[in-house]
> 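I'd like to ask you about the structure that follows.
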Amino acid sequence: MEILKYIALIDQAINENESEIEGLDRAIGDGDHFINLKRGITAIHSMTDQLSTMTVNEQFKMIGMKVLSTVGGASGPLFATFFLEMGKHITDSKPSLKIIAEAFSKAVDGIKQRGKSDVGQKTMLDVLIPVAAKFEELASSNMSTQEIASDVNQFAIDCAHNTKDMLPTKGRSSGLGERALGHMDPGAKSCQVMISAVCQHIQGE
Ligand code: ADP
Ligand code: MG
């Protein structure tokens, strides 16, 4: 697994979606979601030399610790949990797609527990939980990796869009009630952008 390559792809995709992500958090949050994401990515970039000598699970753990200590907001500890959990479940340097999908699901479970949240609350979990289930299902099918990436990409886009019609019941936007309708959740959008960046790269391989 080339984590650093994917971090670079994610960085680029987040930059390309800066105005949308920032705009969504300005509309139904406090406007800092893009900045929080960039702080995490910059912190990861600063460890490139150390990371390049590590095993995959050490890399995930170090990234998780770094994100935990540098990224504030509600999303920082949740993203950190994702990386820390991935580090627990991916130990092979060349894991199968099935192992990656299982680890992804467990990491998303970790976010659920840390955030005391679940699907339907207009958060990042409205992308992550359905995508994790879809990914696990497809990873145990006969589909090619490229086909799986294509399906997961489109599914993540649909899931992020579905958050427009949801009422927020968790996090900063939960006090807004119906005023949040019509806006995607910023964390759902950023997770979709990150998932799509990885999927689109794999589709093109
Ligand atoms: P903050 O809300 O502290 O300003 P960010 O703007 O970085 O932090 O992140 C906001 C995003 O975090 C939301 O759009 C939502 O997706 C996600 N989020 C917030 N609280 C939770 C939670 N308890 N569980 C899951 N996701 C959450
Ligand atoms: Mg915010």
Side-chain angles (χ1 to χ4, degrees), residues 7 10-45 63-86 103-135 152-153 155-198:
I7 296 289
I10 285 170
D11 187 16
Q12 194 190 337
I14 290 291
N15 287 336
E16 283 164 7
N17 288 274
E18 171 176 358
S19 59
E20 186 171 11
I21 293 168
E22 198 180 86
L24 289 171
D25 199 37
R26 223 181 294 120
I28 64 167
D30 57 354
D32 65 350
H33 189 54
F34 173 80
I35 293 168
N36 286 338
L37 292 165
K38 283 303 286 187
R39 188 171 291 136
I41 291 167
T42 305
I44 298 168
H45 279 317
I63 290 172
M65 295 304 290
K66 192 72 175 177
V67 170
L68 192 60
S69 63
T70 52
V71 186
S75 66
L78 300 177
F79 287 129
T81 299
F82 178 85
F83 287 112
L84 291 169
E85 288 295 315
M86 287 295 279
F104 188 89
S105 271
K106 286 177 180 151
V108 171
D109 272 342
I111 296 182
K112 260 172 85 167
Q113 282 167 29
R114 178 102 197 196
K116 298 186 176 57
S117 43
D118 212 329
V119 278
Q121 297 189 296
K122 197 179 179 100
T123 71
M124 60 172 73
L125 288 173
D126 289 306
V127 167
L128 295 174
I129 292 174
V131 163
K134 182 76 152 185
F135 184 20
V152 169
N153 177 31
F155 189 64
I157 292 169
D158 295 342
C159 290
H161 273 277
N162 290 342
T163 65
K164 278 189 185 183
D165 302 326
M166 293 181 181
L167 284 169
T169 56
K170 205 83 202 181
R172 204 177 284 280
S173 62
S174 58
L176 291 177
E178 296 197 347
R179 277 176 292 157
L181 292 178
H183 301 284
M184 270 188 272
D185 172 66
K189 177 65 195 174
S190 68
C191 286
Q192 175 263 307
V193 165
M194 294 189 260
I195 291 165
S196 291
V198 173

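Since this is a predicted model, take the numbers as computed values, not measurements. In listed order, ligands and their atoms are each counted from 1. For the numbers below, each heavy atom of this structure counts, side chains included, while hydrogens, waters and symmetry mates do not.
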> Among G72, G73, S75, which residue places a heavy atom closest to atom 7 (O) of ligand 1?
S75
> Could you check atom 9 (O) of ligand 1 against the protein and tell me its nearest heavy-atom contact, residue, atom and distance included?
H33 ND1, 3.2 Å
> Report yes if some N/O of D30 lies less than 3.5 Å from some N/O of ligand 1; otherwise report no.
yes
> Under 4.0 Å, counting heavy atoms only: does P186 come that close to any atom of ligand 1?
yes
> Between the side chain of T163 and the main-chain N/O of D185, is any donor-acceptor distance below 3.5 Å?
yes
> Among K122, K116, M124, which residue satisfies the side-chain contact (heavy atoms from CB on, under 4.5 Å) criterion with K170?
K116
> When you measure from atom 14 (O) of ligand 1 to every protein heavy atom, which one gives the shortest distance, and what is it?
D185 OD1, 2.6 Å
> Is the shortest N/O to N/O distance between L125 and ligand 1 below 3.5 Å?
no
> N/O of K170 under 3.5 Å from N/O of ligand 1, yes or no?
no
> Give me the nearest non-hydrogen protein atom to atom 8 (O) of ligand 1 as residue plus atom name, then the distance to 0.1 Å.
A74 N, 3.2 Å
> Where do M166 and L181 come nearest, in terms of heavy atoms and distance?
O-CD2, 3.6 Å
> Kindly confirm or rule out an N or O of R172 lying under 3.5 angstrom from an N or O of ligand 1.
yes
> Counting N and O atoms only, with roles assigned by atom type, does the side chain of D126 sit under 3.5 Å from a partner on the main chain of T123, one being a donor and the other an acceptor?
yes
> Give yes if a backbone or side-chain nitrogen or oxygen of G115 is under 3.5 Å from a nitrogen or oxygen of ligand 1, and no if not.
yes
> How long is the straight-line distance from CD1 of I35 back to OG1 of T42, given to the nearest 0.5 Å?
11.5 Å
> Where is the nearest protein heavy atom to atom 22 (C) of ligand 1: which residue, which atom, and how far?
S117 OG, 3.6 Å
> Is the closest N or O pair between I111 and ligand 1 shorter than 3.5 Å?
no
> Closest approach of I157 and Q192, non-hydrogen atoms and distance?
CG1-NE2, 3.5 Å
> List nothing but the number: protein N/O/S atoms under 2.8 Å from the Mg ion (ligand 2).
3
> Just let me know how T123 lines up against ligand 1, side chain, backbone, both or neither, with a heavy-atom cut-off below 4.0 Å.
both
> Do the non-hydrogen side-chain atoms of E85 and V108 ever get within less than 4.5 Å of each other?
no
> Can you tell me which residue and heavy atom of the protein come closest to atom 27 (C) of ligand 1, and the distance to 0.1 Å?
L78 CD1, 3.4 Å
> For ligand 1, which atoms, with element, lie under 4.0 Å from some heavy atom of D32?
4 (O), 5 (P), 6 (O)
> Pick out which of I10, I21, D32 makes a side-chain contact (heavy atoms from CB on, under 4.5 Å) with L37.
I21
> Under 3.5 Å, is there a donor-acceptor pair between the side chain of D25 and the main chain of H33?
yes
> Which heavy atom of A13 sits nearest to which heavy atom of A197, and what is that distance?
CB-CB, 3.7 Å
> Grab the two heavy atoms, one from P77 and one from V71, that are nearest each other, plus how far apart they are.
CD-O, 4.3 Å
> Can you name the closest pair of heavy atoms from I28 and H183 and give their distance?
CG2-CD2, 3.6 Å
> What heavy-atom pair brings F155 and P130 nearest, and what distance separates the two atoms?
CE2-O, 3.3 Å
> How does M124 reach ligand 1, if at all, at less than 4.0 Å between non-hydrogen atoms: by side chain, backbone, both, or neither?
both
> Mark up the atoms of ligand 1 that fall under 4.0 Å of a heavy atom belonging to D25, in ascending order.
6 (O)
> Picking from L78, T81, D118, what satisfies side-chain contact (heavy atoms from CB on, under 4.5 Å) with K112?
D118
